[in-house]
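Report on one structure; see the data block that follows.
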Amino acid sequence: MLDDVEEDKRTKHLPKMKFAGSLLIIPLLSHDKVIGILYATKEISFGFDQDDVDILAGFADQVSIAIENARLIERSLEKERLQRELLLAQEMQKRLLPQTLPTFANFEMQAVSSPALEVGGDYYDVVQIDKDRVAMVIGDVSGKGVGAAFYMAEVKGIFQSLAKIYCSPKDFLIKANEALVSSIDKRSFISLIYSTIHTTTGELVMSRAGHCPILYVSSKQHEYIKPSGIGLGIKAGRIFEENVEEKKIMMKSGDVCVFYTDGVTESRSSSGEEFGYERLRDVVLKYKDRSADEIKEAIIQNVWNYTDAQGYHDDLTIFVIKWLGA
Amino acid sequence: MSDFKVNIRERSGSIHVMELKGYLDAHTTPILEDSFQKLLNEKKYRIVVNCRELNYISSAGLGVFMAFIEDVRANEGDIKMSDMSPKVFNIFDLLGFPMLYDIVKTEEEAAGKFSKN
């Protein structure tokens, strides 16, 4: 309280206030922070008595509460709006993944994808490229959340438009890389496997762009297949083309191919150990004689059980092909 | 909170060595970015990244190398990497980094890959 504004040394640096003889300044506090200041003036000096101070201090408290409430409401409305947007993004993204996979006489295909946050960067898809061949893709956009989800939508556009034109997995990846290098930011990349399956012969041709190796389990052997290839969006031009390789296998009755994203192998137990390639292989070996759906379920169940205590995981996708045919 | 540290030291041939230690993920990448930015601000483009004590690198961590490599190479420098554990090498290898970067066993070998001047 300044009883005599003109004489008070604390106002010397201020321009003369002709209208103010006395001045009362009350900070508006919220959680011990100053969120505003209430000024009251009177034309005469010594214009405020203790009652005035008490009344105005009470008034200042009311004002602080009102401001705080208004801010809280604003924040919760904003939060609600963002949650609605995120929910919408989640629904939109679910629609980017196949709602159902096509069925074939000679083989089964089963897939599952689970984002770590509301939206994620994992992607899988299937498209019939001609009467004898089906193309499948599995990919993982670096990062998580909304940013990754946007790139995932872009990958879907590329897959849907290029798969029928460039049926060779190698050519497809070269073209997809060309499209992505120019459009994604330089610290992001996409790892991806593109594969074609001949629906009657069981020939499976695949190329890999920086993605996790494919687990192939047959009655005689099991191996991780890792054709050479750089992730998409990292490097343009010849160096990408020269390093991308194509591998072929002929699937026989009972053979299983498992495609997955690193959310599977890099899931951690509460002690920090990764699920890893060996556990994945062991689960598939144990369930290889079951249906593709049961193999997929067994993998995801094992990953969940393994990470149980932590309750956190990366985006995670599993795609299983099981050849039934002759 | 995961722990990550970078130590920078100079060795002969105007080469700067970044020693990475700990867990490099989305939370800790700003530490690595700041270190690269510091070297680039000082026009130091001959960089060896010693990964001996690097326990893990996520995709965000890999992105940091991609963000700086063009600038470094445009200034006639390079980022070379050494001393990776098999687990960390596997992460770089899956993505195809060995086709884009010199990744060698020892820091000595990495430093030797820079032309002498």
Side-chain angles (χ1 to χ4, degrees), chain A residues 116-117 121-122 139-145 147-148 151 173 177 181 184-193 207-214 224 226-245 261-263 265-266 268 272-274 276-277 312 314-315, chain B residues 1-4 21-37 40 49 53-75 78-81 84-103:
Chain A
L117 305 171
D122 278 7
D140 180 357
V141 176
S142 67
K144 285 196 273 287
Y151 287 142
L173 290 186
N177 187 54
V181 148
I184 71 174
D185 87 278
K186 61 181 174 182
R187 64 189 63 204
S188 297
F189 55 86
I190 292 151
S191 75
L192 191 130
I193 288 171
S207 285
R208 187 185 70 92
H211 199 77
C212 310
I214 302 117
Y224 279 101
K226 200 178 119 189
S228 157
I230 301 169
L232 300 176
I234 298 175
K235 191 84 186 165
R238 275 185 51 200
I239 190 153
F240 182 90
E241 293 176 26
E242 283 165 3
N243 283 292
V244 58
E245 201 183 354
T261 56
D262 61 7
T265 44
E266 288 187 11
R268 282 169 193 275
E273 200 185 333
E274 289 182 355
Y277 296 103
Y312 170 82
D314 193 359
D315 297 339
Chain B
M1 186 64 198
S2 35
D3 203 18
F4 178 74
K21 186 174 181 176
Y23 200 87
L24 181 57
D25 62 10
H27 299 289
T28 54
T29 46
I31 302 169
L32 182 60
E33 279 182 34
D34 291 350
S35 305
F36 269 117
Q37 198 57 62
L40 265 62
V49 180
E53 291 184 86
L54 181 65
N55 300 324
Y56 174 79
I57 180 162
S58 75
S59 58
L62 296 165
V64 178
F65 293 96
M66 287 153 51
F68 288 100
I69 189 69
E70 281 175 22
D71 263 6
V72 170
R73 287 188 180 157
N75 286 284
D78 200 9
I79 301 172
K80 300 184 191 294
M81 300 174 219
M84 283 181 192
S85 69
K87 205 183 108 195
V88 167
F89 177 77
N90 184 48
I91 301 172
F92 279 96
D93 184 45
L94 269 186
L95 198 62
F97 264 47
M99 301 164 216
L100 305 166
Y101 295 81
D102 280 325
I103 301 180

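Each chain gets a letter, A, B and so on, in the order its sequence line appears, and its residues count up from 1. Reckoned from all heavy atoms, side chains included, excluding hydrogens, waters and symmetry mates.
Using a 4.5 Å cut-off between heavy atoms, A/Glu266 touches chain B through its side chain atoms alone. B/Tyr56 touches chain A through its side chain: at least one heavy atom from C-beta onward sits under 4.5 Å away, while N, CA, C and O do not.
Between A/Ile234 atom CD1 and B/Leu62 atom CG the span is 8.0 Å, to the nearest 0.5 Å. How far CG of B/Leu95 is from CG of A/Leu232: 9.5 Å, rounded to the nearest 0.5 Å. Here the CE-CD1 distance, from B/Met99 to A/Ile230, works out to 5.5 Å after rounding to the nearest 0.5 Å.
The shortest distance between side-chain heavy atoms of A/Pro213 and B/Leu94 falls below 4.5 Å. A/Glu274 places a side-chain heavy atom less than 4.5 Å from the side chain of B/Lys87.
At most 12 heavy atoms of other shown residues, nucleotides or ligands fall within 6.0 angstrom of atom NZ in B/Lys21.
Annotation: salt bridge (charged side-chain N to carboxylate O under 4.0 Å, His left out) contacts involving residues 26-37 of chain B, sequence neighbours excluded, comprise A/Arg187-B/Glu33.
Contact between A/Phe189 and B/Gly63 at its shortest, heavy atoms only, is CE2-N, 4.5 Å.
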